[in-house]
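Before any comments, here is the structure.
What you are looking at is a predicted structure, and each value in this text was computed from that prediction instead of being measured. By convention in this document, chain letters (A, B, ...) are assigned in the order of the sequence lines, proteins followed by strands, and residues within each chain are numbered from 1.
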Number of protein chains: 2
Amino acid sequence: MTGEAKNRRVTAADVARSLGISRATVGFVLNNTRGQTISEATRKRVIAEAARLGYRPHTAAQALARGSSRIVLLVLPDWPVEHSLGRHIAEASRVLEEAGYSLVTYTLHETGVTRPLWEALDPDVVIGMLPFSEKDLASMRASGITTIVPDPQTEPAEWQKGPSVVAGPELQVSHLAGLGHSRIAFAAPDDSRLARIIDARLAVARDTAARMGLTGMDDRRINVHDASSRSAVLEWSRDGITGVVAYNDEIAAAIAGAALREGISVPGQLAVIGHDDTPLAELFVPSLSSIRLDIEGLGRQIAMTALNAADGRGGAAEDPPLVADLIRREST
Amino acid sequence: MTGEAKNRRVTAADVARSLGISRATVGFVLNNTRGQTISEATRKRVIAEAARLGYRPHTAAQALARGSSRIVLLVLPDWPVEHSLGRHIAEASRVLEEAGYSLVTYTLHETGVTRPLWEALDPDVVIGMLPFSEKDLASMRASGITTIVPDPQTEPAEWQKGPSVVAGPELQVSHLAGLGHSRIAFAAPDDSRLARIIDARLAVARDTAARMGLTGMDDRRINVHDASSRSAVLEWSRDGITGVVAYNDEIAAAIAGAALREGISVPGQLAVIGHDDTPLAELFVPSLSSIRLDIEGLGRQIAMTALNAADGRGGAAEDPPLVADLIRREST
DNA sequence: GCAACCAGTTCCCAAGGGGGT
DNA sequence: CACCCCCTTGGGAACTGGTTG
């Protein structure tokens, strides 16, 4: 038994040999190389033969030769991401793929004991939902990654004006104000990793409240595992606060639950609104009003931003009006 | 201005040139190549110079030359994964990294409009939490991926006996039975993607119930968006069922919520236990008893399995006793 | 340490056919 | 009618950065 099948992978050279043409030509056809014209007949033969042999380009070889991996790395924050971020990522994948890129997602863990994925993947673009830390930026640069979004060059305060930050708090506050609540409090998780985004949202909430003629807004950090929500509702009750804007549904549930346990009715004595529209909001009793973001739109936007950063395609990065919807339920 | 800095990445050749030695030697040192002895002095110089120049191996080039990407692709199911799967993945990353592999996670979307990531990444191993569909297997084979876990060769029924499937339902049923509930029902989501795992868990629950001398177990599919939980609790109440084992915390919350809205007390008239110990379980009022799996352990196990599949390392794939804990709260 | 290799990509050039002068 | 030029088509070979006999 000498002629053992090596079962090697099919290469472009195999396709070329089988057709009696050159590797280069195979490459030209399969890549639609601009500046090279190939007769329609040859083109057809190449495509057919490649399919027949089951040819798959070797991605590592491609990456080496062209000097780019065609990978976009989406870095997700370590903290509980907005629910249904999944769809949003699916949509981003779809758009990127049409442009020849692959989207890989990666959750950055605070502990940082593992080597970040950008070192192992050599992505063309690293894109995050929040500005990166100096440490991460240094690590990326050391790995030769030049395209980073959000761009560390620009003012890091920029993203704070993005609709994904702004739209929610605006809706939350104006909803409560519209219902007649004149004394409103803001509640967020007691998590330092979230500090920046909490501050940004709080600022928007304050701003909106001021525009609607409300007075100062109490601001609390809640730990869902201890008694902080209990003391918060007791003090609010004492101080005449009747509406609470929560950073997310989890905090909203903690507040509403603490109120119920203290005999404060929801929404009668205290109205609560969450953010993200997670299953928790729908299932809690009473069900929680919340904010639902247009995640498909967000996904498309991420993809466009990445394409733009990678090669200037993707059109003008026009911020499409990100739609956030108020989902009204029993808690307000 | 002729000597413009090209700002090219630092290659092993640069390190070699700068030291007046050959590229090969640099490779030997940096890879600790066995069967090649390098003097300690040279070794030190190479390492120092590589660090000084900021040398990073080009992963695509490595992958091409050695014929393997050192990437393990963990495919996550499309359905809501157990909460805090994150930790579990972090632990798996850590273990794999020590062995020189990178872990990339990937959520496989049902719609399947996007090209699966294994085609773009050429991972050495693809590992899933559930057996793969024939279609996915075919696509992997076409991409040249030979190492797949769970091994499609073996009986696909195998994983159903794994502790991650078995431990939860056992604890749930025995807990309720231990509290004196003699008529128990099982509630799961109405989601066809989950059918296999639901059936597996249900079988375990039935088995456990029988062993504890309980009679038949009603089995329901719940859609959290409609009235199915309402009709379920009404019928259970009528039929004298006093305990419910839920597939996850979300279903448990839907059941408990429906009961409350119908004036059925929890746990007084109906006890409910969830699974996964998500924030929902802690925050719901009344708080929900649940099952917490040892996710770090699960992560380590995944990593070991992958290493074993990749190169036979990782030790015997001894199933470490996966610990599942009962978290008792107000709902039981 | 030299040199062959991994599997593509791409620059540059050669051959050949067609049309214009 | 002969000649020349240009454009289309496709090939040769260097190159990407490491690994290994």
Any side-chain donor paired with an acceptor under 3.5 Å for A/N308 and A/T305?
no
Within the structure, does a side-chain N or O atom of B/T11 lie under 4.0 Å from either OP1 or OP2 of D/dG17?
no
Mind calculating the distance between CZ (A/R34) and P (C/dT9) to the nearest angstrom?
16 Å
Sole residue of A/V26, A/I47, A/T25, A/L30 in side-chain contact (heavy atoms from CB on, under 4.5 Å) with A/V15
A/V26
Just the rounded figure in Å: distance from C1' of D/dG12 to CD1 of A/I21.
14 Å
Please confirm whether the backbone N or O of B/A13 pairs with a side-chain atom of B/T11, one donor and one acceptor, at under 3.5 Å?
yes
With respect to the phosphate group of D/dG10, does any side-chain polar atom (N or O) of A/T42 fall under 4.0 Å of OP1 or OP2?
yes
For DNA chain C, find the residues of residues 43-63 of chain A with a heavy-atom distance under 4.0 Å and give them by number; none if there aren't any.
A/Y55, A/R56, A/P57, A/H58, A/A61, A/Q62
Under-4.0 Å side-chain N/O to phosphate OP1/OP2 contact, A/S39 with D/dG10:
yes
Give a yes or no on whether a salt bridge exists between A/E91 and A/R94, defined as a side-chain N under 4.0 angstrom from a carboxylate O.
yes
Any chance the side chains of B/S139 and B/D136 put a donor and an acceptor closer than 3.5 Å?
no
Just the rounded figure in Å: distance from P of C/dA7 to CG of A/L64.
12 Å
Please tell me if A/T37 has a side-chain N or O lying less than 4.0 Å from either OP1 or OP2 of D/dT8.
no
Would you tabulate the nitrogen or oxygen pairs shorter than 3.5 Å linking the protein to nucleotides 10-14 of chain C?
unit_1: C/dC12; atom_1: N4; unit_2: A/Q36; atom_2: NE2; d: 3.3

Any luck finding a side-chain donor-acceptor pair between B/N32 and B/R43 under 3.5 Å?
yes
Which residues share a salt bridge (Lys or Arg N to Asp or Glu O under 4.0 Å) with B/D122, sequence neighbours left out:
A/R9
I need the CZ-P distance between A/R17 and D/dG12, as an integer number of Å.
13 Å
Rounded to the nearest angstrom, tell me the gap between atom CG in A/L30 and atom C1' in D/dG10.
15 Å
Donor-acceptor check, side chain of A/D124 to backbone of A/S69, threshold 3.5 angstrom: yes or no?
yes
Roughly how many Å is it from CZ in A/R70 to C1' in C/dG8, rounded to a whole number?
13 Å
Taking all atoms of both residues into account, what is the closest heavy-atom pair of B/T33 and B/G27, and its distance?
OG1-O, 4.0 Å
